[in-house]
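One is the number of the first residue; the rest follow in order along the sequence. Whatever order the structure lists them in is the order used to number ligands and atoms, beginning at 1.
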Amino acid sequence: MFVELVKGAALLLALCFLHGANMRLWRRHPRVGKAFSGLIFGGICIVGMLSPLTISPGVIIDARSVVLCMAGLFGGTTVALIAGVLSAGWRLWLGGAGALVGVLSITTCVAAGLAYRYARHRWRLGVGIWPLLVFGLLLHLAVVGLFQALPAEVAARINETVAVPYLMIFPVATALLGVLLRDVEQRQATDLALAGSAARLRAITQAIPDALVVLDAQGRCMELFSRDDGVHAAGAPQRVGQRMHDMLPFGEAQRLVQLLQDTLASGTPHKLEYTVYTPSGIRYFEGRVQSLGTQVNGQAAVLFLARDITERWQAQQALHESELRFRSLLLGIPSVSVQGYRADGTTTYWNKASEELYGYTEQEALGKNLLELIIPEPMHEAVATHVAHMFSSGEPIPAGELRLKRKDGSPVDVFSSHAYVNVPGQEPEMFCIDIDISRRKAAEEEARRLALYDTLTQLPNRRLLTDRLEQVMAASSRSGQIAATLFVDLDHFKALNDSRGHAVGDLLLREVALRLRACVREQDTVARLGGDEFIVLLQSLGQDPAEATSKARTVGESMLAALRAPYELGGQPYHCEASIGVSLVSGHSQTVDEVLRQADNAMYQAKTMGRNRLHVYLADAG
Ligand SMILES: Nc1nc2c(ncn2[C@@H]2O[C@H](COP(=O)(O)OP(=O)(O)OP(=O)(O)O)[C@@H](O)[C@H]2O)c(=O)[nH]1
């Protein structure tokens, strides 16, 4: 019996070995592998049946139950069916009284193994030693139950002699074979996973442009994974065993070795940029060093990942050069102030024209905030909002005319355009391009002044007077307030011109302008029509015409008195008198021309009445 057991154990070990070798052999063709495994399992059963324990002629006991249930559990349907058919065929060929029970036990074992397999996958039933032992015991109890179908005396002999050892040995054998096959299965899974990882790593290293190198602490290449055409892979097989000093210039190699030693000491990844001289020219690399965290060939090792960044480096270089060109071009450009600012308003660029326009030198401006430099206080909030919007959306601030401030606080009119510059890898910047339009603004202002003011006296001229008169008439028609027009004409002015010259006449006209202005309120208008004719427009004289006339008369009389006061013209005394005609303005009942004509008529009346007096226009008098 012991010899039989040893023989059985040897068979089971042989089965494990053959099954494992077969599955490895047919790894790429698993179906063929399963078919062969079925043959192996079946073959082992047949070998077992060649030297069985013979109970009586035609009734044999062997280890096929153990083998077949494991074929079902670890081999699956194909393996179990092939093994089962082979065993059953052989058992039928042997024939005898136990043939049918033998085939039945074969079927039971195959079915039990497949059921266990199903339960394992479906309900995660374990395949540890204890579940296998319980399974083996239950299965062999069932087989002993099948033995009861043999002729009674044979069954009784089995029960008396073999049943107990059978139930003690075969479940244990089942569990042991199961454990061995589980190990085979796990090793296969591990091999498969390893092969998969290796294949993935190979595919990755072929697909990515980077080279992966495993280096020891001295920078010696232990393994190299790289595309066959990569710079680092040139002569790859010979590279293994070489030091970094054999592949890189001495200085670069030293830097790299230092870096990988730092990486090993700190455990944190490091990176550096380095150059490699190749027959096709210099190439730039970015190297990342990461500790492997495990020893290779008994040594601490790092993974070194080298990326060719030549194109990126060249693009950055070109960008840098073009930016330098652009900045130095704008630096000296005359009359166009260019300033650069970051999102928080910090000044990053300040050209010569900006120095001239705003009064800050480049050193003074750089690093300062836009708002504190040239933006007047009332504009701070609006400018900050526009700048924030520009940096968040990338949309430039619309160009336009702005009144900014110089270093000395004086205002400066500029036409300001804005550009948002966002260079990849750099902080975005806003560039302001300002052109000084102060002269144009001053010229516009002067033209406006010339169009509306008299150059000699600086009083409003006829055009501005007409505007004001229309405004006063509109206001009068709304409020009912009466206004008055006083037409002032100097008496015998021509004689002054003729006797003392035009220039002295001009002096008198200026002095008259000042005296008239001094006689009226801020809201009243004193205008010069031309020659020695002035118009005084008095507003808001009340709603009663008599009262308005009285007020106008009072102002007019004070003007006559003021004009009569002595003059000093070019060092000579002079006495001047004037005649004044008054017409009232009430609502929009008259036109501007009518009002002026009425005042003119009244003034003419004053002249004809002897000059140096005031006359009020009466509608009935025409
Ligand atoms: N100095 C000077 N004279 C001017 C100017 N414009 C006009 N005149 C002169 O002003 C004078 C106007 O004369 P009139 O008002 O017609 O004569 P008048 O001597 O004042 O006579 P009455 O008004 O009747 O008293 C003319 O001699 C013009 O040449 C000016 O801008 N400067």
Checklist outcome for this item: For Arg449, the salt bridge (charged side-chain N to carboxylate O under 4.0 Å, His left out) test, sequence neighbours excluded, returns Glu446
Checklist outcome for this item: Heavy atoms of Pro249 and Thr275 approach each other most closely as CD-O, 3.9 Å
Checklist entry - Who passes salt bridge (charged side-chain N to carboxylate O under 4.0 Å, His left out) against Arg553, sequence neighbours left out? => result none
Item to check | Shell of residues surrounding ligand 1, defined by a 4.0 angstrom heavy-atom cut-off that is strict | outcome: Asp489, Leu490, Asp491, His492, Phe493, Lys494, Asn497, His502, Gly505, Asp506, Leu509, Arg528, Gly531, Asp532, Lys607, Arg611
Checklist entry - Phe326 vs Phe431 aromatic rings, parallel, tilted or perpendicular, using cut-offs 30° and 60°? => result perpendicular
Checklist entry - Listed by chain and number, what are the salt bridge (charged side-chain N to carboxylate O under 4.0 Å, His left out) partners of Arg312, not counting sequence neighbours? => result Glu286
Item to check | Residues Asp413 and Lys441 bridged, charged N to O under 4.0 Å | outcome: no
